[in-house]
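What follows is a set of notes on a single structure, which appears directly below.
Given the structure is predicted, the values throughout are model-derived calculations rather than measurements. Throughout, residue positions are numbered sequentially from 1 according to the sequence presented.
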Amino acid sequence: MSERTPAPYGPRSVYGYAMYIGSNMLLLLYLVWAFVPVEFLHEKLGLTYWPSKYWAVALPIWFLTAIAVFAFAIYPAINMTLTPNIDDPRTITDEYCLEQRKSTPSGIPPVSDIPITEVCRRLYLSNDQD
């Protein structure tokens with residue numbers, strides 16, 4: 001087995017083609033079930049059992065409703081539970097923060113994060129208070 005990579009390779013293309021063919025066949029079967037009259041299916045094709053036509057309409061509506069509920073209620077709720085409180089220090093900084101270090105006076109300062117106190121001082125205090 002190869003590494004996990006999005007690059008194409010042999011088995012992935014075979015599985016992708018099989019999934020493409022399978023999904024098209026399922027779509028065709030669904031369309032036949034939804035639009036061809038039951039009498040034609042019974043008499044001409046000899047297919048005696050098909051689920052009720054009600055389900056041809058109800059299942060896609062239920063599926064789309066489930067997606068909408070997930071997208072507009074469940075997914076934001078999950079994100080809200082994963083977000084730290086407003087007074088939590090993790091809203092300001094994280095473990096990847098680069099502390100400010102001293103640099104040479106004529107050199108380029110090293111890359112670092114600006115502390116929130118410095119940001120607030122420069123943004124919200126007038127120049128005469130510096």
Side-chain angles (χ1 to χ4, degrees):
M1 176 147 180
S2 68
E3 295 180 29
R4 293 180 181 256
T5 174
Y9 65 98
R12 181 175 290 161
S13 62
V14 172
Y15 293 142
Y17 183 69
M19 200 175 336
Y20 171 75
I21 297 297
S23 64
N24 281 334
M25 294 306 294
L26 285 174
L27 177 64
L28 180 67
L29 182 66
Y30 170 76
L31 292 174
V32 166
W33 170 47
F35 292 112
V36 174
V38 176
E39 296 80 22
F40 180 80
L41 294 173
H42 288 306
E43 295 170 8
K44 303 288 186 190
L45 299 178
L47 301 172
T48 57
Y49 178 74
W50 286 84
S52 172
K53 298 282 184 173
Y54 164 80
W55 295 107
V57 175
L59 287 178
I61 291 173
W62 284 9
F63 181 68
L64 291 175
T65 302
I67 289 175
V69 167
F70 179 79
F72 293 112
I74 296 172
Y75 188 67
I78 290 170
N79 284 334
M80 291 295 285
T81 60
L82 296 176
T83 304
N85 290 334
I86 192 71
D87 58 349
D88 194 320
R90 291 178 295 166
T91 58
I92 299 171
T93 186
D94 61 4
E95 66 268 13
Y96 303 107
C97 175
L98 299 174
E99 300 292 331
Q100 261 186 333
R101 293 172 292 185
K102 298 292 180 191
S103 64
T104 58
S106 62
I108 298 173
V111 174
S112 64
D113 292 323
I114 303 173
I116 192 68
T117 54
E118 180 68 24
V119 171
C120 290
R121 186 178 302 116
R122 294 213 179 175
L123 286 176
Y124 303 118
L125 293 178
S126 63
N127 288 337
D128 58 346
Q129 293 179 355
D130 286 339

### Task
Check whether any side-chain N or O of Lys53 sits under 3.5 Å from a backbone N or O of Trp33 as a donor-acceptor pair, and report yes or no.
yes

### Message
Is there a path of hydrophobic side-chain contacts, each under 4.5 Å between heavy atoms of I/L/V/M/F/W/Y residues, joining Val38 to Tyr54?
### Response
no

### Query
At what distance, to the nearest 0.5 angstrom, does CE of Met19 lie from CG of Asn24?
12.0 Å

### Message
Once you measure the plane-to-plane angle for Tyr75 and Phe70, does it fall in the parallel (<30°), tilted (30-60°) or perpendicular (>60°) bin?
### Response
tilted

### Message
One pair to check against ring-ring contact (aromatic ring centres under 6.0 Å, His included): Trp55 and Trp62. What are the steps and the verdict?
### Response
CA-CA 10 Å; Trp55 295 107; Trp62 284 9; 5.6 Å; yes

### Task
Please answer: with hydrophobic residues joined when any side-chain heavy atoms are less than 4.5 Å apart, are Tyr17 and Tyr9 in the same cluster?
no

### Task
Tell me whether Val14 is reachable from Ile21 by hopping between hydrophobic residues (I, L, V, M, F, W, Y) whose side-chain heavy atoms are closer than 4.5 Å.
no

### Query
Quick one: are Thr93 and Ile116 in side-chain contact, heavy atoms under 4.5 Å?
no

### Task
Specify the closest pair of heavy atoms between Tyr96 and Asp113, including all atoms of both residues, with the distance to one decimal.
O-OD2, 4.3 Å

### Reported CG-to-OG1 distance for the pair Asn79 and Thr81, which is rounded to 0.5 angstrom
7.5 Å

### Message
So, taking the atom named OG1 in Thr117 and the one named CZ in Arg122, what distance separates them when rounded to the nearest 0.5 Å?
### Response
11.0 Å

### Message
Tell me if the CD1 atom of Ile108 is crowded by more than 12 foreign heavy atoms within 6.0 Å.
### Response
no

### Query
Is there a chain of hydrophobic side chains (I, L, V, M, F, W, Y, each step under 4.5 Å between heavy atoms) that links Leu45 to Val32?
yes

### Query
Taking side chain as C-beta onward, heavy atoms only, is Pro115 less than 4.5 Å from Gln100?
yes

### Message
What's the separation between atom CD1 in Ile74 and atom CD1 in Ile67, rounded to the nearest 0.5 Å?
### Response
11.5 Å

### Message
Could you measure the distance from the CD1 atom of Ile114 to the CZ atom of Arg121? Nearest 0.5 Å is fine.
### Response
12.0 Å

### Message
Whether the side chain of Ser23 engages the backbone of Tyr20 through a donor-acceptor N/O pair (distance < 3.5 Å, no angle test) should be reported.
### Response
yes

### Summary
Here the gap from Ile92 atom CD1 to Ile86 atom CD1, rounded to the nearest 0.5 Å, amounts to 8.5 Å

### Message
Grouping I, L, V, M, F, W and Y whenever their side-chain heavy atoms are under 4.5 Å apart, do Val36 and Leu26 come out in a common cluster?
### Response
no

### Message
Testing the basics here: between Ala34 and Ala56, what is the closest heavy-atom pair and its distance to 0.1 Å?
### Response
CB-CB, 3.8 Å

### Shortest non-hydrogen contact from Pro60 toward Val57
CD-O, 3.3 Å

